[in-house]
Amino acid sequence: MEHYLTTPLQNEDIQKLQIGDKVFISGKVYTARDAAHKKLVELLETGQNLPFQLQGAVIYYVGPAPAPPGKPIGSAGPTSSYRMDPFAPALLQAGVKAMIGKGPRSSKVISAITSTNSVYLAAIGGAAVVMAQAVKSSKVIAYPELGPEAIRELEVENLPCYVAISSDGQNIYER
Amino acid sequence: MRTIDVNILTQKVAELCQNSNFYIDPLVIEKIKYFRNQETSQLAKNILDTLLQNYQLAAEQKMPICQDTGIANIFLEVGSQVQFTNGDVNQAIQAGVEQGYKLGYLRKSVVSDPLFQRKNTQTNTPALIYWETVPGDKIKLTVAPKGAGSENMSRIAMLKPADGKQGVVDFVLAAVQKAGGNPCPPIIVGIGIGGSFDKAALLAKKALLQPLDSSNADSRYAALETELLQKINDLQIGPQGLGGKTTALKVNILQQPCHIASLPVAVNIQCHVHRHQTVEI
């Protein structure tokens, strides 16, 4: 099955997704990796405002290459998701609906996915130019000092991914 | 003696950092096409097709194949008849890395301190430099940017000599199984056997640089390469860990003598974005 989804995501968007399905995401997605995740969770724990609205949000685990002249972004494929496992449950509980990355997730993340009706999407690691082509604009909205690890708001059109862990806990890495 | 200006090294390193990130090893394309035709999973075929499409787009647009443009591994084989002029060799190489990553719009992925500050150096330096002296008056320069996704999945074991071949097979399979979808399969598996704790790891890294259409010169090790490739692909991890037959494209082994009480084995995993370029100066 193929699905075309627009952010922010709704519960109905999530429920129809089965592992192995191809999903094309359009709208705003937010980039965050290890260092940014640590900061976001600290903000949540201390009750401070976050740099973007988490409700229905899609977080993409990517540290893009610098944009060459005339392009909105450099190569932008997914990074390994397991490094974000310690932080992901808190973000899902705060409203994030989908995470895009690559590789398996911990059992705690899978439990958080099912209890919050969210989804984990896998993008193809090393297909970074294909992914960059779906990015129409990019702006740093927090932590510019982190360089490639800064939080960026991306406007994407049909960003291609596969459903890897569905909201009912089906896991493509364990089948 | 032959005199070589270190600025030539700077220029070549800068060029190779960019080219290795833009242009995939043609043997990777050949291997992926071969395995794609063996695949029965449609999802696996689709992923391999996307990888091929991505290599083509990267080359056409001079964009890095992967956003993780790696830490630069620089291998130098320097002829004993070579004398450098015009500066320090190490500085010249680091300058080449800095230039290459800047001019090529490559990601800077090096932090100055591994544990505490972890501040990005913004230049992708320092690069990792491996130096060997060889007979002659030439330099063989290899630049191999290595991403962390696959490097982080690499493993080393100090086996007992009694563990023998089966011990090596079990350890390599366990390493690949544990890595699963993380190192962006299809992968290339470099294995170093013998030497010492550190030498085995370096052998494994050098094994990755052996051509994908070559085999170990010793037929026993060549047979082990074939056996391991088959067993790895029987694990059904598949492209990106989403299932299928194509987990590894090639297994390369390098071995060297070791202590009577040791059997060091290192497994260095390389993602499909197998970046390496060599020039002779």
Side-chain angles (χ1 to χ4, degrees), chain A residues 2 19-22 31 33-35 38 60-71 73-83 101-105 122-133 135 143-150 160-165 171-175, chain B residues 21-22 24 41-43 46-69 101-102 104-109 111 118-122 147-150 152-153 179-186 236-243 271-274:
Chain A
E2 287 190 352
I19 56 168
D21 287 357
K22 194 159 189 186
T31 74
R33 295 171 41 113
D34 318 49
K38 190 161 178 255
Y60 182 18
Y61 302 151
V62 58
K71 291 199 185 333
I73 201 165
S75 297
T79 194
S80 298
S81 303
Y82 71 90
R83 298 196 318 274
K102 68 175 177 78
R105 309 304 304 261
I124 300 180
V129 187
V130 168
M131 297 299 282
Q133 284 192 322
V135 178
Y143 317 126
E145 69 280 7
L146 295 179
E149 300 203 64
C161 342
Y162 294 93
V163 178
I165 301 169
N171 181 358
I172 202 163
Y173 300 103
E174 295 289 337
R175 65 176 175 180
Chain B
N21 270 295
F22 301 152
I24 194 72
S41 151
Q42 191 55 46
L43 180 55
N46 292 349
I47 291 169
L48 296 175
D49 287 342
T50 304
L51 297 183
L52 293 171
Q53 182 200 357
N54 190 70
Y55 300 142
Q56 197 183 336
L57 287 171
E60 283 167 10
Q61 302 183 22
K62 289 197 174 189
M63 298 258 287
I65 303 158
C66 179
Q67 78 291 336
D68 183 354
T69 51
Y101 275 73
K102 187 166 183 234
Y105 295 90
L106 307 178
R107 198 180 81 184
K108 311 338 175 255
S109 313
V111 291
R118 292 196 69 85
K119 192 172 164 23
N120 196 308
T121 62
Q122 310 285 356
S150 57
N152 286 349
M153 296 295 124
N182 283 317
C184 287
Q236 292 289 316
I237 295 166
Q240 299 293 314
L242 304 188
C271 65
H272 64 89
V273 188
H274 182 34

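Proteins get letters first, then strands, A, B, ... in listed order; numbering begins at 1 in each. For clarity, every value in this text was computed on a predicted model and none was experimentally measured.
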Quiz prompt | A:Q133 vs B:M63, side-chain contact (heavy atoms from CB on, under 4.5 Å): CA-CA, chis, key distance, verdict | solution = CA-CA 11 Å; A:Q133 284 192 322; B:M63 298 258 287; over 6 Å; no
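For A:S80 against B:G149, the heavy-atom pair with the smallest separation is OG-CA, 4.2 Å. For the residue pair B:C66 and A:S75, the shortest heavy atom distance occurs at C-CB, 4.2 Å. B:Y105 and A:P66 make their closest contact through O-CD, 3.3 Å (heavy atoms, listed as atom of the first residue, atom of the second, distance). Heavy atoms only, all atoms of each residue included: B:Q240 and A:Y173 are closest at O-CE2, 3.8 Å. Closest approach of A:A65 and B:P64 over heavy atoms only: CB-CG, 4.1 Å.
In terms of non-hydrogen atom pairs under 4.5 Å with chain B, the most contact-rich of A:P148, A:G103, A:G125 is A:G125. For chain A, the option among B:I237, B:I47, B:N120, B:N46 with the highest count of heavy-atom pairs below 4.5 Å is B:I47. When each of A:A128, A:G20, A:S81 is scored by its heavy-atom pairs under 4.5 Å with chain B, the top score falls to A:A128.
With a threshold of 4.5 angstrom between heavy atoms, B:D68 does not approach chain A through any atom at all. The part of A:K71 that comes within reach of chain B is its side chain, from C-beta onward, which places non-hydrogen atoms under 4.5 angstrom from that chain. In this structure, the portion of A:A67 lying under 4.5 Å from any heavy atom of chain B is its backbone and not its side chain. Contacts of B:T69 with chain A are absent, with no heavy-atom separation under 4.5 Å from either backbone or side chain. Both the backbone and the side chain of B:L242 come within contact range of chain A, each with at least one heavy atom under 4.5 Å from a heavy atom of that chain. For B:I65, the parts sitting under 4.5 Å from any heavy atom of chain A are the backbone and the side chain alike. The contact between A:P64 and chain B is made entirely by backbone atoms, counting heavy-atom distances below 4.5 Å. Using a 4.5 Å cut-off between heavy atoms, B:K108 contacts chain A through both its backbone and its side chain. Both the backbone and the side chain of A:A127 come within contact range of chain B, judged by heavy atoms closer than 4.5 Å.
Considering CZ of A:R83 and CG of B:N182, their distance stands at 9.5 Å, rounded to 0.5 Å.
A donor-acceptor contact shorter than 3.5 Å is absent between the side chain of B:Q67 and the backbone of A:G63. Side chain of B:N54 to main chain of A:V129: a donor-acceptor pair is present (N/O by atom type, distance under 3.5 Å, no hydrogens or angles).
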